[in-house]
Q: 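Could you have a look at this structure, given as structure tokens, before my questions?
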Amino acid sequence: MAANLYLQEYLQIPLITRSYTTACLLTTLAVQLDFLSPFQLYYNPQLVFRHFQLWRLITTFTFFGTIGFNFIFSMIFTYRYCRMLEEGSFRGRVADMALMFIFGGAILILMGIFISLVFLGQAFTIMLVYVWSRRNPFIRMNFFGIVSFQAPYLPWVLLAFSVLLGNSPTVDFMGIAVGHIYYFLEDVFPQQVGGFRLLKTPRLLTMLLDRDPDNVIDPVDEADRPGGFGFGEAPDDNDQ
């Protein structure tokens, strides 16, 4: 009975979010149990394009390090903002969200060639956060109950927090840059005089993902959105 309940809850997670976070968890678990080594997963252009180890184009986005604080923190953010995008601005448009994944992943892979970054999952998460924050500009955020700010500042707050922890800002800058490119091409440029939509979802992708009525998601109230830390909460009446 309990197993069926957990399975039902799992299957209620939107398709893209469910697939990506499951891949991340399974990859990390395989490394943790020594079934795989990070050396088999990292992004190496020579191994990919000369030795055709194409799986590295996927695993570079699904490995966030061994289980620990950084992994848990990254997975919470990935799950939360990926799901809020899928249940929000991408509601009923699974193929369009899949295109965002492909577009963002491709740009990060190209950038990784020049920056020599071997794992791109963290930058990909920041890209998701950036797109969500720009599409929800009036939501007030709460950072561990210390700082309140509008949603568009969230990626920059995370960048500052990462630097305070001693990490390089390069990864966050990459995610912000790719997120802004997608946001500009998808949300800004088409609204300009003479503008048009550059990122058109292939019909095949639409046929595969959007024809299934089970992929049409009912909207979820902000208060019931997944995740923690108070991110994404609507402002209280006292804050308005």
Q: A quick test of your reading: do over 12 heavy atoms of other residues, nucleotides or ligands sit less than 6.0 Å from CZ of Phe49?
A: yes
Q: Answer yes if the side chains of Tyr81 and Ser133 hold a donor-acceptor pair under 3.5 Å, and no otherwise.
A: no
Q: Work out which heavy atom in Met174 is nearest to a heavy atom in Ile115; give both atom names and the distance.
A: SD-CD1, 3.6 Å
Q: Taking side chain as C-beta onward, heavy atoms only, is Phe173 less than 4.5 Å from Leu159?
A: yes
Q: Between Thr125 and Thr78, is there a donor-acceptor pair closer than 3.5 Å when you use the side chain of the first and the backbone of the second?
A: no
Q: Name the atoms and distances for all side-chain donor-acceptor pairs under 3.5 Å in residues 179-188, with sequence neighbours left out.
A:
unit_1: His180; atom_1: ND1; unit_2: Tyr130; atom_2: OH; d: 2.7
unit_1: Glu186; atom_1: OE1; unit_2: Arg197; atom_2: NE; d: 3.3
unit_1: Glu186; atom_1: OE2; unit_2: Arg197; atom_2: NE; d: 3.0
unit_1: Glu186; atom_1: OE2; unit_2: Arg197; atom_2: NH2; d: 2.8
unit_1: Asp187; atom_1: OD1; unit_2: Arg135; atom_2: NH2; d: 2.9
unit_1: Asp187; atom_1: OD2; unit_2: Arg135; atom_2: NE; d: 2.8

Q: Tell me which donor-acceptor pairs under 3.5 Å the side chains of residues 95-111 have, and how far apart each pair is, sequence neighbours excluded?
A:
unit_1: Asp96; atom_1: OD1; unit_2: Thr201; atom_2: OG1; d: 2.3
unit_1: Asp96; atom_1: OD2; unit_2: Arg93; atom_2: NH1; d: 2.6

Q: Would Asn70 and Phe64 satisfy side chain to side chain contact (heavy atoms under 4.5 Å, CB included), going step by step from the backbone distance to the final call?
A: CA-CA 8 Å; Asn70 287 335; Phe64 287 83; over 6 Å; no
Q: Within the side chain of Thr62, is there an N or O that forms a donor-acceptor pair under 3.5 Å with the backbone of Gly121?
A: no
Q: With no hydrogens and no angle check, is any side-chain donor or acceptor of Thr28 less than 3.5 Å from a backbone partner on Cys24?
A: yes
Q: Hydrophobic cluster membership, with links at side-chain heavy-atom distances under 4.5 Å among I/L/V/M/F/W/Y: are Phe124 and Leu26 in one?
A: no
Q: Evaluate the criterion side chain to side chain contact (heavy atoms under 4.5 Å, CB included) for residue pair Val48 and Leu54; output intermediate values, then yes/no.
A: CA-CA 5 Å; Val48 171; Leu54 300 181; 4.1 Å; yes
Q: Pair Phe161, Leu165 - check side chain to side chain contact (heavy atoms under 4.5 Å, CB included), show working.
A: CA-CA 6 Å; Phe161 182 66; Leu165 292 178; 3.6 Å; yes
Q: Does Leu117 reach the side chain of Thr170, with side-chain heavy atoms less than 4.5 Å apart?
A: no
Q: Taking the side chain from Asn136 and the backbone from Trp132, do they hold a donor-acceptor pair closer than 3.5 Å?
A: yes
Q: For Arg140 and Gln150, run side chain to side chain contact (heavy atoms under 4.5 Å, CB included): C-alpha distance rounded to whole Å, both residues' side-chain angles, the deciding distance at 0.1 Å, then the answer.
A: CA-CA 5 Å; Arg140 286 187 60 81; Gln150 297 296 113; 3.0 Å; yes
Q: Under a 3.5 Å distance rule, please check whether Gln122 uses its side chain to pair with a backbone N or O of Val171 as donor and acceptor.
A: no
Q: Is the distance between the ring centroids of Phe77 and Phe73 less than 6.0 Å?
A: yes
Q: Does Trp55, at its CH2 atom, have more than 12 non-hydrogen atoms belonging to other residues, nucleotides or ligands within less than 6.0 Å?
A: yes
Q: Are Leu205 and Leu198 grouped together when hydrophobic residues (ILVMFWY) are joined by side-chain heavy atoms under 4.5 angstrom apart?
A: yes
Q: Please confirm whether the backbone N or O of Ser148 pairs with a side-chain atom of Asn142, one donor and one acceptor, at under 3.5 Å?
A: no
Q: Would you say Ile113 and Tyr43 make side-chain contact, with heavy atoms under 4.5 Å?
A: yes
Q: Does the side chain of Met141 reach to within under 4.5 Å of the side chain of Ile139, using non-hydrogen atoms?
A: yes
Q: For the side chain of Arg83 and the backbone of Thr17, is there at least one donor-acceptor N/O pair under 3.5 Å apart?
A: no
Q: Would you say Leu36 and Ile67 are hydrophobically clustered, going by side-chain heavy atoms of ILVMFWY under 4.5 Å?
A: no
Q: Distance from Thr59 atom OG1 to Leu120 atom CG, nearest 0.5 Å?
A: 10.0 Å
Q: Under the rule for salt bridge (charged side-chain N to carboxylate O under 4.0 Å, His left out), what residues qualify as partners of Arg56, not counting sequence neighbours?
A: none
Q: Does a side-chain heavy-atom distance below 4.5 Å link Gln40 with Val31?
A: no
Q: How long is the gap from OH on Tyr20 to CG on Leu25, to the nearest 0.5 Å?
A: 10.5 Å
Q: Could you state whether Phe69 and Phe71 fall into the same hydrophobic cluster, counting links through intermediate Ile, Leu, Val, Met, Phe, Trp or Tyr residues with side-chain heavy atoms under 4.5 angstrom apart?
A: yes
Q: Establish whether Ile176 and Val163 are linked, either directly or via other cluster members, by ILVMFWY side-chain heavy-atom contacts under 4.5 Å.
A: yes
Q: Show the numbers, then the answer: is there a ring pair (Phe, Tyr, Trp, His ring centres under 6.0 Å) between Phe119 and Phe61?
A: CA-CA 6 Å; Phe119 289 109; Phe61 294 104; over 10 Å; no
Q: Taking atom CG of Leu158 and atom CD1 of Ile126, what is their separation to the nearest 0.5 Å?
A: 5.0 Å
Q: Supply the atom-to-atom distance Thr27 OG1 to Phe63 CZ, rounded to the nearest 0.5 angstrom.
A: 8.5 Å
